[in-house]
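Below is one structure, written out as structure tokens; the observations come after it.
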Amino acid sequence: MNAQYDPNTIEKKWQTVWEKEGHPRRQGEKGKYYALNMFPYPSGDGLHVGHVENFTATDTYARFKRFQGYSVLDPIGWDAFGLPAENFAIKTGIPPVKKTLESIENFRRQLKSIGLSYDWDREISTSDPEYYRWTQWMFLFLYQHGLAYKKKALVNWCPSCQTVLANEQVVDGKCERSGDLVIQKELEQWFFKITDFLEDTLSESGEKIPGLLSGLEKIDWPESTKQAQRNWIGRSEGAEVVFYIAETEEEIRVFTTRLDTIYGCTYVVLAPEHPILKKLGSQIENNGEVEKYLADTQKKTDLERTDLAKEKTGVFLDGVEVAHPFTGKRLPVFVADYVLSTYGTGAVMGVPAHDERDFVFAKKYDLELTPVILPTDGKSLVEGESYTEDGVLTNSGEFTELVSSEAREKMSRWLEQEGLGKRKVNYRMRDWLISRQRYWGAPIPIVYCEKDGIVPVPEKDLPVKLPTDVDFRPTGESPLARSKEFHDAKCPICGGPARRESDTMDTFVCSSWYYLRFADPHNDQEFASREALEKYLPVDFYMGGAEHTVLHLLYARFFTKALWKYGYLGFDEPFLRLRHQGIILGEDGNKMSKSKGNVVNPDQIIEEFGADSLRLYEMFMGPLDDMKAWSTAAVVGPRRFLDRVWRLQKKISEGVEVSRTLETQLHQTIKKVTEDLETLHFNTAVSALMILLNSFEKEESVSKEHFKTFTLLLAPLAPHIAEELWHELGNKESIFLASWPAWDEKKTIDEMMTIVVQINGRVRGSIVIPTESEESQVKELALADAKIRTALGGKEVKKTIYVSGKILSLVT
RNA sequence: GGGGAUAUGGCGGAAUUGGUAGACGCGCUAGCUUCAGGAGCUAGUUCUCGUAAGAGAGUGAGAGUUCGAGUCUCUCUAUCCCCACCA
């Protein structure tokens, strides 16, 4: 043993062993455990210390589970397709595949340097044709079951990047990359029918599949994440109501959650994109003015249209009137861009007395205002604002005097009888647009034949490989369309000339199923064998950033449910237990970013303090899911701790007589660390180990058995030093093949207990007494205590409350 | 506007879930060791008053319940995250 703890030598030594022989993996008797962290995007900048938290936490937990006797699957791979590599290619001419492989190389080196126990034989990369072959298979699977379809749609378009953008690439109405304002453009695109799975459905074999909404109830996820998914899905119950256009057979359907307010409807508003406008055409007497409004709207950016602060604008449709379904009264119709074409029916009823937006609009255009709901508490309506709460109906024909909820029920029944509407559930969420006019993604396996139309590429012809000779410069068309080698194809049906789909898939498609591939990463017959899936899936523990609360996690759940529906999987939720790591901020309290210059590279920290110290510090910083600021100066704490653990070796001897107090503390620590690791309270697990070490250091010599246990408790958190100490103790096998220490509950109980004595709620002293003492003994001792007697000042004790083992409260 | 979360020393944070607030670590102070430095050792470190013993105050603010509140209830305030003209 060296006198000095030298992490760099020890860590390199064990990493080399683990590299050569593969990390020791105990195949436990307790069954499988799948621990996964969200696979990273291998960015060219490499890892920063913020990323290390996620990997370390998952690794620590996976090691702990393995110690406990589970066969743990904890794989790693790369979410390798994506924009940055393509943008880099545009700028430098270096092909994305080259840059990506370099970045992966660097990530792999960095991850290995923090001592993660991954099974590297299972490494996958989404940009590998052997992987995206199965991403394309997934597309075909969805297509064959009617869950992938093509349609014209309005999409986000960045005029400077000349491409569509995913919703998540639009921040505050601006392109994330160029900062340009995004506009809406109509393009023909591929969609996945995720909305088919919002509610419960039946599988092919007749089993019920919980939908994306109800499935949330049974999984162990952060409540905030579940709530965010519910909000994103945005289910709302209401009614669809038909307004006939006077003198025609045409109708306008509106969606409302407040059918009870319909007698207060004094006009109807259409979204500028509403198809009825084209149909009405010349019936609109001021068509010129309307056309101009529509043209102006189209020119507006998304941000301009959705800016809440801006004034509402609209145009009255001259010559068009609708009939109120309940009263038959003729109502004016407007077109206004505050009505969204993408939600509900693209048309709303205007009830200025009971909706703030309608109120503002009606005031501006001087429209009639008819209050029909009164507050139930007898208060009167306030002049100059709308009353948007539920209440009691007034002025509402036969429905007058009903309360809102009852009125909604009776009114929708009436509508259904009259054929003027129906109950309707609306969702905010829409189908998933997966087309991207990008190069660096998985090509959509479709060809277009003049004769046969849309033809899926046969499975046997997969993968449809990305061409290598492509001009990346953006022109608004997918770069793939410009590759002759790629573009021209033969129709799989008739053999005639065809062209390939030149769009690629959203990278979220690749990441929606990767956790399945890890079960069987080298299978070239199917995406994973049934046996492999049954052996490892679903994921028992999933760890990743909260930024994936909605998109990735929702998409992955959709894939799982779709595959289950058609018999490919035996489970309907992919991730049973989910946790998010908190963001690690720079030392200045800002988010780490190159531009702020506050990025800390783990390489430097490892060089200065060692990987085990880095790991320990990251786990010790605070609760896993809290946001916390990095402090390089504070890393010395864990480093000093390991230095002292190292030096403790000198005190080890066999046959040490162990005090009862220390034995108790050891068992308490085993219990504490075990429970804390299980519940992911890594910060307090580390602190428990520090406290135990402090006690060991006070001893003349430390029992070898005690030190062995300590080493095991440390091993999930600081694997290198634990492995080294284990071997120094004379063990020949890896520490990671050993079993987790057990505690004896009886031995966790202290010999003596401290009872705090309060008088009238204030702490006035404490007594130390054998743990098994009775209440009467405690009381007797307390009243005999000089300090307590002084504090009581001779007053009579009227009431005594004794909480066993904790407190004695005296009231005078 | 809607939803979610958070608030404890100079700093990161702990608190057996209603029972001694500030564990553990950083930093700081004093001393020791050392040629020196230090990531070594010892003691101390919430604030106020006090040489001390001790007393009082104290967990974003204010009320309440209780023998007892960081923890429960109510009313605020601030910060962060997500969604947002969703009808």
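Letters A, B, ... mirror the listed sequences (proteins, then strands); counts begin at 1.
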*What is the nucleic acid contact for A/Thr256, judged by heavy atoms within less than 4.0 Å: base, sugar-phosphate only, or nothing?*
sugar-phosphate
*If you look at every strand shown and take non-hydrogen atoms under 4.0 Å, does A/Ser224 touch a base, only sugar-phosphate, or nothing?*
sugar-phosphate
*asked:* What's A/Asp626 touching, base or sugar-phosphate or nothing? Going by heavy atoms closer than 4.0 Å.
replied: nothing
_Students often get this wrong, so: under 4.0 angstrom with heavy atoms, is A/Glu608 touching a base, only sugar-phosphate, or nothing?_
base
*asked:* With a 4.0 Å cutoff (strictly under), does any side-chain N or O of A/Asn694 reach OP1 or OP2 of B/rA23?
replied: no
*Only one of A/Asp355, A/Asp358, A/Asp390 passes salt bridge (charged side-chain N to carboxylate O under 4.0 Å, His left out) with A/Arg258; say which it is.*
A/Asp390
*How far does the C1' atom of B/rG10 sit from the matching atom of B/rA63, given to the nearest Å?*
32 Å
*Between B/rC80, B/rG19, B/rC24, which nucleotide has the shortest distance from any of its atoms to the side chain of A/Met627?*
B/rC80
*When you measure from the side chain of A/Lys806, which nucleotide among B/rU17, B/rC67, B/rA87 comes out closest?*
B/rU17
_Main chain of A/Arg615, side chain of A/Thr56: is a donor-acceptor contact present, judged purely on distance under 3.5 Å?_
no
*Using atom C1' of each nucleotide, how far apart are B/rC28 and B/rC11 to the nearest Å?*
11 Å
*With a non-hydrogen cut-off below 4.0 angstrom, is A/Thr225 in contact with a base, only sugar-phosphate, or nothing?*
nothing
*Atom CH2 of A/Trp232 and atom P of B/rG4: how far apart are they, to the nearest Å?*
18 Å
*B/rC83 phosphate, OP1 or OP2: any side-chain N/O from A/Arg230 under 4.0 angstrom?*
no
*Could you please name the option among B/rA87, B/rG3, B/rG40 that lies closest to any side-chain atom of A/Arg647?*
B/rG40
*Please indicate whether A/Glu223 has more than 12 foreign heavy atoms, meaning atoms of other residues, nucleotides or ligands, lying under 6.0 Å from its CD.*
yes
*Rounded off to whole Å, could you give me the CH2-to-P distance for the A/Trp630 and B/rG13 pair?*
14 Å
_To the nearest 0.5 Å, what is the distance between OG on A/Ser695 and CE on A/Met690?_
14.0 Å
*More than 12 foreign heavy atoms under 6.0 Å from NZ of A/Lys787: is that the case here?*
no
*Does A/Asn683 have a side-chain nitrogen or oxygen under 4.0 Å from the phosphate oxygens OP1 or OP2 of B/rA14?*
yes
*With a 4.0 Å cut-off on heavy atoms, is A/Ile801 in touch with a base, just the backbone sugar-phosphate, or nothing at all?*
base
*Got a second to check how far A/Ile194's CD1 is from A/Ile233's CD1, nearest 0.5 Å?*
7.5 Å
*In residues 580-591 of chain A, which ones come under 4.0 Å of RNA chain B, going by heavy atoms?*
none
*asked:* Distance check, P atoms only: B/rG68 and B/rA78, in whole angstrom units.
replied: 32 Å
_Other residues, nucleotides and ligands only: do more than 12 of their heavy atoms fall within 6.0 Å of CD on A/Gln668?_
yes
*Separation of atom CD in A/Glu356 from atom C1' in B/rC85, rounded to whole Å*: 11 Å
*Between A/Arg762 and B/rA57, does any side-chain N or O lie under 4.0 Å from OP1 or OP2?*
yes
*Under 4.0 Å between any heavy atoms, over every strand shown, what does A/Pro623 touch: base, sugar-phosphate, or nothing? Just pick one.*
sugar-phosphate
*Contact class for A/Val339 (heavy atom, under 4.0 Å): base, sugar-phosphate, or nothing?*
base
_Rounded distance (Å) that lies between atom P of B/rC82 and atom CD of A/Glu223_ = 19 Å
*Who pairs with B/rU42 - Watson-Crick or G-U, where each distance is under 3.5 Å*: B/rA30
*So what does A/Arg764 touch, heavy atoms closer than 4.0 Å: a base, only the sugar-phosphate, or nothing?*
sugar-phosphate
*Any idea if B/rG9 is syn or anti, going by the 90°-from-0 cut?*
syn
*Take atom CG of A/Asn8 and atom P of B/rA39, then tell me their distance rounded to the nearest Å.*
17 Å
*More than 12 foreign heavy atoms under 6.0 Å from CD of A/Gln777: is that the case here?*
yes
*Could you state the atom-to-atom distance from CG of A/Leu616 to P of B/rA39 in whole Å?*
18 Å
_When the C1' atoms of B/rA14 and B/rC82 are compared, how many Å lie between them, rounded to an integer?_
29 Å
*Could one point to a donor on the side chain of A/Gln758 or the base of B/rG19 with an acceptor on the other under 3.5 Å away?*
yes
*Can you tell me how far P of B/rG12 sits from CE of A/Met690, to the nearest Å?*
17 Å
*asked:* Rounded at 0.5 Å granularity, tell me how far NZ in A/Lys671 sits from CH2 in A/Trp743.
replied: 6.5 Å
*Does a side-chain N or O from A/Lys799 land closer than 4.0 Å to OP1 or OP2 of B/rC67, or not?*
yes
*With rounding to the nearest 0.5 Å, note down the distance linking CZ in A/Arg408 to OG in A/Ser405.*
6.0 Å
_Does A/Val803 reach a base, just sugar-phosphate, or nothing at all? Heavy atoms under 4.0 Å._
base
*Give none if B/rA52 has no partner; otherwise give the nucleotide forming a Watson-Crick or G-U wobble pair with it, both distances under 3.5 Å.*
none
*Gap between atom CD of A/Glu618 and atom CD of A/Gln581 - 0.5 Å precision*: 10.5 Å
*With syn defined as a glycosidic torsion within 90 degrees of 0 and anti otherwise, which applies to B/rU17?*
syn
*Which part of the nucleic acid does A/Thr684 contact within heavy-atom distance under 4.0 Å: base, sugar-phosphate only, or nothing?*
sugar-phosphate
*Considering only the C1' atoms, how many Å lie between B/rC76 and B/rC85, rounded to the nearest integer?*
29 Å
_Looking at A/Arg640, I'd like to know whether one of its side-chain N or O atoms comes within less than 4.0 Å of OP1 or OP2 on B/rC26._
yes
_Spacing between A/Phe620 atom CZ and B/rG27 atom C1', to the nearest angstrom_ = 14 Å
